[in-house]
Number of protein chains: 2
Amino acid sequence: MDNTMRKPPRNRRKMQSVTMSDVAELANVSPSTVSLFLRKPEAVSAAASQAISRAIDKLNYVPNLMAGGLAAASSRAVSILVPSVRNAFFAETVSSMQTALKKQRLQLILGHTEYDEQEEEELVRMALSWAPAAIVLTGLSHSAATRRLLANVAIPVIEIWELGGPQIDAAIGFHHDQVGIAAAEHLIRQDRRNLLFLGARMHQDRRARQRCNGFLQAAKATGAAAKVVEHPDTASAEIGAMLLAEALRLHPEADGIACSNDHIALGVLFACERQKIAVPDRLAVIGFGDLSFSAACNPPLTTIRPSGDLIGREAARLIEEHLHGEKADAHRTIDTRFTLQHRRSS
Amino acid sequence: MDNTMRKPPRNRRKMQSVTMSDVAELANVSPSTVSLFLRKPEAVSAAASQAISRAIDKLNYVPNLMAGGLAAASSRAVSILVPSVRNAFFAETVSSMQTALKKQRLQLILGHTEYDEQEEEELVRMALSWAPAAIVLTGLSHSAATRRLLANVAIPVIEIWELGGPQIDAAIGFHHDQVGIAAAEHLIRQDRRNLLFLGARMHQDRRARQRCNGFLQAAKATGAAAKVVEHPDTASAEIGAMLLAEALRLHPEADGIACSNDHIALGVLFACERQKIAVPDRLAVIGFGDLSFSAACNPPLTTIRPSGDLIGREAARLIEEHLHGEKADAHRTIDTRFTLQHRRSS
DNA sequence: TCTGTCAATAATAGCGCTACGATTTATTTG
DNA sequence: CAAATAAATCGTAGCGCTATTATTGACAGA
């Protein structure tokens with residue numbers, strides 16, 4: 001009996017053109033050494049380093065992060081979930097974070113929750129499938145299942161753009177009620193006593209709601225009158241103009257207006273101009289966001305500038321620290337604060 | 001000699017809490033069946049499906065996409081590289097694309113090139129490390145190395161937001177020179193003969209440059225005068241106002257102005273208002289972008305509306321088709337066009 | 001000369017999953 | 001009712017890499 005009877009070459013896999021072994025072979029070292037070189041170059045001799053570098057260049061080797069991640073049980077990806085990147089605030093944070101993370105060769109996986117906790121939950125599940133190095137969520141409010149999913153992960157879970165509630169792990173942001181308070185106090189300092197808050201999409205945007213509540217509270221505390229007029233759609237200048245019209249119809253006595261953000265405020269300014277309502281003499285206006293047009297409009301808009309950029313950078317820093325082993329105390333809270341930009345609209 | 005001498009349990013790996021085998025065991029099927037169920041549920045019997053579903057829920061199983069991607073030699077990630085997501089145009093595309101891709105359980109890996117081809121190259125390299133299902137780039141201009149890296153990949157390479165040059169694979173967008181032409185022709189139709197183009201960051205923003213060139217060309221073709229005034233920084237209303245001042249100083253005879261985008265145009269409107277320059281009587285203004293404030297400002301801004309949203313959706317569609325095996329002819333070009341929004345500023 | 005120590009490198013054993021062929025079971029049909 | 005066909009399920013062999021341990025070689029001290 002022929003015991004050399006060979007099985008036919010059974011199955012065949014797809015593959016990557018150039019692998020680490022190819023590099024190793026060309027550089028005349030073992031694959032282990034190539035791997036070591038890629039992860040800790042300082043542990044490899046100068047001669048070997050050079051040979052490997054040369055081989056990588058020559059072969060145009062691109063490491064397979066999935067293989068690496070699988071073997072190391074963690075990937076070079078960071079998942080970030082924001083309501084929407086169309087919103088300039090979150091765009092800013094995402095952008096600054098991506099820039100900071102690139103230096104550590106970490107990549108951003110982006111998801112949009114559209115202010116929907118169910119959506120967020122699904123995205124968290126998908127995100128975890130990548131065994132990310134960290135996961136970043138917007139706000140402190142999440143579904144029970146989301147909390148459960150994240151309760152026991154070994155990676156940093158960072159909640160951004162909101163402070164002041166129970167947090168899963170770390171939180172980076174500021175207190176939105178304080179923003180509202182600051183706006184109200186500012187208007188009152190300008191001798192306004194009939195205050196108004198114009199808000200968009202507040203049924204979904206928890207943080208806008210918090211600003212509104214802080215505003216009302218502070219107004220009440222000083223005995224000023226304060227009303228709210230809102231609109232369910234996403235903030236825009238158009239909605240802002242509409243809200244102003246509605247507001248003046250309902251509350252013609254108003255002399256100080258805070259807006260849930262600068263888009264609304266811009267619309268208010270546009271409407272005031274059309275209707276020859278003097279700003280700030282007849283009506284003081286304050287916004288939130290300090291968007292790109294806010295310093296340039298007529299009159300320049302007083303507004304509260306959040307720290308979207310800083311939030312992203314701090315999140316990246318936290319992730320970096322964790323990666324470098326500095327376990328850091330969990331449940332860290334970083335208050336990035338906000339600043340009042342006093343301009344001529346108030 | 002004791003041939004039962006056992007080696008000590010050699011090494012130990014980290015691991016994921018719940019794996020597919022755990023699910024299989026609980027559901028009383030083989031891991032293969034679980035895998036099959038996850039990928040092609042219709043190929044598994046109702047009984048098994050139910051048992052597996054139950055087990056997944058019970059164990060809270062989260063598949064490991066890296067293992068899956070490694071085995072399948074391709075991942076559920078799509079890489080998208082844009083200049084910056086702070087730019088509302090790209091934010092729109094990224095957002096609509098993410099929404100469309102989520103339905104197919106594909107995830108977006110985001111990178112910012114900051115208008116730098118070197119940066120882009122590095123990001124492409126990083127992106128390829130994930131064996132993405134597709135890769136999306138902005139524009140048609142890339143470094144030689146980038147082209148080389150992408151020349152032979154088996155996945156769709158989609159270039160967005162620009163048409164009219166040699167493309168790597170598919171391209172989705174529109175012709176920016178046509179935008180410039182449309183703007184010039186519009187102003188000329190409004191009886192303007194002394195035209196001006198105000199541009200920001202044109203040394204980096206190739207597409208803004210193309211719009212400018214189209215504008216100049218069309219003006220020249222009809223015998224109208226056309227000048228350019230530009231500023232190196234990112235577009236903003238502030239820069240727009242500065243550009244207008246500079247422009248009127250250099251070209252006081254101007255009666256029609258096109259802006260590289262609506263931020264600039266908004267700044268122009270602000271400045272005109274401050275200087276009591278009548279728009280459109282003295283000066284007609286047209287922008288590009290149709291941003292959120294453009295319909296609401298004073299006067300409402302005539303502008304050209306691109307199709308950022310559609311670009312994202314079409315890109316997602318292309319990727320989906322490829323995933324479902326419809327090989328589609330390569331080098332596809334999809335012109336998403338643009339529309340002129342004629343409002344009162346012109 | 002013989003250890004002992006250290007630095008550099010290599011061999012080994014998977015990480016969790018998918019693709020493929022093989023096998024089993026159910027269903028049909030001559 | 002056996003044979004042929006179809007449907008459902010399973011077993012196997014990696015995907016390309018990392019982490020750990022094992023090995024090698026150089027050099028020091030005694």
Side-chain angles (χ1 to χ4, degrees), chain A residues 6-25 27-52 56 59 61-76 128-131 133 154 325, chain B residues 7-25 27-52 56 59 61-76 128-131 133 154:
Chain A
R6 69 208 68 222
K7 301 173 175 158
R10 205 155 136 316
N11 50 6
R12 176 56 51 96
R13 290 282 150 275
K14 290 149 187 180
M15 60 169 187
Q16 174 164 324
S17 45
V18 179
T19 71
M20 195 177 264
S21 300
D22 299 327
V23 174
E25 196 171 343
N28 251 303
V29 295
S30 76
S32 304
T33 305
V34 177
S35 172
L36 189 62
F37 169 76
L38 255 23
R39 286 172 297 117
K40 297 185 183 151
E42 73 280 5
V44 174
S45 71
S49 293
Q50 205 172 32
I52 294 170
I56 288 176
L59 296 176
Y61 169 66
V62 176
N64 183 326
L65 284 183
M66 293 194 296
L70 182 60
S74 116
S75 75
R76 306 290 299 173
L128 289 178
S129 299
W130 286 103
Chain B
K7 299 173 176 159
R10 202 154 140 318
N11 50 7
R12 175 59 49 98
R13 292 280 150 277
K14 291 151 186 182
M15 59 170 188
Q16 174 164 323
S17 44
V18 180
T19 73
M20 195 177 265
S21 301
D22 298 327
V23 173
E25 196 170 344
N28 252 302
V29 296
S30 76
S32 303
T33 306
V34 177
S35 173
L36 188 62
F37 170 75
L38 256 23
R39 287 172 297 116
K40 297 184 184 151
E42 73 280 5
V44 174
S45 71
S49 292
Q50 204 171 34
I52 294 170
I56 287 175
L59 297 177
Y61 169 65
V62 176
N64 184 325
L65 284 183
M66 293 194 296
L70 181 60
S74 115
S75 75
R76 305 292 298 175
L128 290 178
S129 300
W130 286 103

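Lettering follows sequence order; numbering is per chain, from 1. Quick caveat: nothing in here was measured; it's all calculated off a predicted structure.
With rounding to the nearest 0.5 Å, the separation of OG in A/Ser75 from CE in A/Met66 is 11.0 Å. Here the straight-line distance linking atom OG1 of B/Thr33 with atom CG of B/Asn28 works out to 11.0 Å at 0.5 Å rounding. Remark: B/Tyr61 OH to B/Ile52 CD1 distance equals 11.0 Å, nearest 0.5 Å. Residue A/Thr19 holds its OG1 atom at 9.5 Å from CG of A/Leu59, rounded to the nearest 0.5 Å.
Comparing the axis of the opening five pairs of the helix from C/dT1-D/dA30 to C/dG30-D/dC1 with that of the closing five pairs yields an angle of 50°, rounded to 10°.
Although no hydrogens or angles enter the test, the distance criterion places a donor-acceptor pair under 3.5 Å between the side chain of B/Ser49 and the main chain of B/Ser45.
Atom CG in A/Asp22 sits roughly 12 Å away from atom P in D/dC15 (whole-Å rounding). Rounded to whole Å, atom P of C/dG16 lies 10 Å from atom CE of B/Met66. For the pair B/Met20 CE and C/dG14 P, the interatomic distance rounds to 20 Å; values are reported in whole Å. Counting to the nearest Å, the C1' atom of C/dA10 and the CD atom of A/Glu25 are 15 Å from each other. The CG-P distance, from B/Leu65 to C/dC17, rounds to 10 Å in whole Å. Here the P atom of nucleotide D/dA13 and the CG atom of B/Leu70 are 18 Å apart, to the nearest Å. Distance CD1 (B/Ile56) to C1' (C/dC17): 14 Å, rounded to an integer number of Å.
For B/Tyr61 and C/dG16, the shortest distance from a side-chain N or O to OP1 or OP2 is not below 4.0 Å.
The side chain of B/Ala72 has C/dA19 as its nearest neighbour among C/dA19, C/dG14, C/dA10.
When every heavy atom of A/Pro31 is checked against every heavy atom of A/Ala24, the shortest pair comes out as N-CB, 3.5 Å.
Under the 4.5 Å side-chain criterion, counting only non-hydrogen atoms from C-beta, A/Met20 is in contact with A/Ser35. Between B/Asn64 and A/Leu70 there is a side-chain heavy-atom pair separated by less than 4.5 Å. Contact check for A/Val44 versus A/Val29: no side-chain heavy atoms found under the 4.5 Å cut-off.
Taking a 4.0 Å limit (strictly below) on heavy-atom distances, residues 32-48 of chain B reaches DNA chain C at B/Ser32, B/Ser35, B/Arg39.
Nearest-nucleotide assignment on DNA chain C puts the 5′-proximal partner with A/Pro31, out of B/Gly68 and A/Pro31.
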